[in-house]
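Everything on this sheet refers to the single structure shown next.
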Amino acid sequence: MTGQQRTRVDTVFDAIFQLILSGEIPLGGVVNEAALADRFGVSRGPVREAVKALQGRGLVTKEPYFKARVVDLSVHDMIEIFQLRESVEGMSVKLATLAMSDEAMQRLLDDFEQAGGNGRVLDLHVRIAEESGNSRIQSLLCDELYYLLRLYRARSGSTPGRHDNASAEHWQILRAMKARDAELAESLMRAHIARATEALQRLLDTESAQPPPEAAKGRRRKETEA
């Protein structure tokens with residue numbers, strides 16, 4: 001694959017991911033390659049490769065003879081991943097608090113303020129991981145689990161009041177980092193993720209208790225690619 005083709009696939013990947021994040025392609029919804037190719041004005045090839053990449057990130061599932069679908073967020077998977085997050089991101093912020101230079105710390109604070117205190121716009125968790133100095137933490141949070149975590153975080157942030165609470169919690173974490181209180185920063189990060197876990201679990205429990213729409217009842221019948 002040439003560099004130009006790779007760039008096109010990456011662009012399509014990002015575009016499809018944004019459709020998933022926004023809910024335009026809902027959780028469990030069909031990823032229609034033909035429709036997406038028409039929408040983005042590209043051939044089916046880049047879309048097919050982008051969908052394969054989404055599968056590799058755990059965002060899309062595809063069984064033989066069935067269309068590709070966006071992953072459904074199960075409570076069990078969410079709890080396991082957020083338990084991992086709580087541990088790894090707690091250590092991440094602890095290491096970053098100790099390792100960052102004063103200049104890097106100020107840049108992080110300034111960038112967060114310019115983002116209006118919106119940690120998702122800045123992607124605060126990724127920035128902290130990048131500053132941790134631990135390559136394995138960086139690989140896990142900035143690559144292997146990055147897109148799946150963004151999807152979970154977007155869902156947990158959609159619960160009423162969670163966005164404002166998360167912003168306040170981010171400020172508390174940053175203040176602890178600026179004070180070079182690594183233990184407090186770790187504790188606050190763990191509590192922050194635990195609250196996000198609780199919010200998302202309540203949301204998923206509520207959604208799972210609702211009866212499925214009529215259209216979903218025949219989901220498991222054999223499908224052919226459009």
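Count residues from 1 along the sequence.
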#### Entry: Test log, rule salt bridge (charged side-chain N to carboxylate O under 4.0 Å, His left out), inputs R107 and E103
CA-CA 6 Å; R107 279 197 302 273; E103 292 78 10; over 6 Å; no
### Query
Would a 4.5 Å heavy-atom cut-off, applied to side chains only, mark L36 and L19 as touching?
yes
### Task
Could you tell me whether the side chain of R69 and the main chain of T61 form a donor-acceptor pair under 3.5 Å?
no
#### Entry: Single-linkage hydrophobic cluster, 4.5 Å side-chain cutoff, I79 and L145 together
yes
### Task
To the nearest 0.5 Å, tell me how far L54 CG sits from F17 CZ.
8.5 Å
### Query
Parallel under 30°, tilted from 30 to 60°, perpendicular over 60°: which one fits the rings of H192 and H125?
parallel
### Task
Could you check if a side-chain atom of V70 sits within less than 4.5 angstrom of a side-chain atom of V31, using non-hydrogen atoms only?
yes
### Query
Just wondering, do R57 and L148 contact through their side chains at under 4.5 Å, heavy atoms?
no
### Query
Between L21 and L151, is any pair of side-chain heavy atoms under 4.5 Å apart?
yes
### Query
Between E131 and R127, does at least one N-O distance fall below 4.0 Å, as a salt bridge requires?
no
### Summary
Smallest heavy-atom separation, Q138 atom then A129 atom, equals CG-O, 3.2 Å
### Task
Salt-bridge test for R195 and E198: reply yes if a basic N is under 4.0 Å from a carboxylate O, no otherwise.
no
### Query
When rounded to the nearest 0.5 angstrom, what distance separates CE in M100 from CG in L95?
12.5 Å
### Task
Kindly give the heavy-atom pair with the smallest separation between G90 and E186, and that separation in Å.
O-CG, 3.3 Å
### Message
Working note: E24 + R39, criterion salt bridge (charged side-chain N to carboxylate O under 4.0 Å, His left out); need CA distance, chi angles, decisive distance, verdict.
### Response
CA-CA 13 Å; E24 186 170 341; R39 176 170 182 161; 2.5 Å; yes
#### Entry: Atom pair CG/CG of L84 and L141 - distance to nearest 0.5 Å
7.5 Å
### Query
Which atoms form the tightest heavy-atom contact between I128 and V93, and what is the distance?
CG2-CA, 3.6 Å
### Query
When rounded to the nearest 0.5 angstrom, what distance separates CG in L149 from CG in L140?
7.5 Å
### Message
side chain to side chain contact (heavy atoms under 4.5 Å, CB included), that's the test. Do D181 and T97 meet it? Break it down for me.
### Response
CA-CA 7 Å; D181 191 334; T97 300; 5.9 Å; no
### Check: V88 main-chain N/O paired with S92 side-chain donor or acceptor under 3.5 Å
no
### Query
How about D123 and Y146: does a side-chain donor come under 3.5 Å of a side-chain acceptor?
yes
### Query
Do the non-hydrogen side-chain atoms of Y152 and R85 ever get within less than 4.5 Å of each other?
no
### Task
Supply the atom-to-atom distance R150 CZ to L59 CG, rounded to the nearest 0.5 angstrom.
10.0 Å
## Note on the structure
Correct closest heavy-atom pair for Q172 and L188 would be O-CD1, 3.4 Å
### Message
Show the nearest heavy-atom pair for residues I137 and S132, with the distance to one decimal.
### Response
CG2-OG, 4.0 Å
### Task
Could you check if a side-chain atom of L109 sits within less than 4.5 angstrom of a side-chain atom of E113, using non-hydrogen atoms only?
no
### Query
With a 4.5 Å heavy-atom cut-off, do D14 and Y147 have their side chains touching?
yes
### Summary
To the nearest 0.5 Å, atom CZ of R180 lies from atom CE of M177 at 8.0 Å
### Task
Indicate yes or no: at least one non-hydrogen side-chain atom of L124 is less than 4.5 angstrom from one of L174.
yes
### Query
Does E183 offer a backbone N or O that forms a donor-acceptor pair with the side chain of S187 under 3.5 Å?
no
## Note on the structure
What one should report as the nearest heavy-atom pair of K67 and K62 is C-CG, 4.2 Å
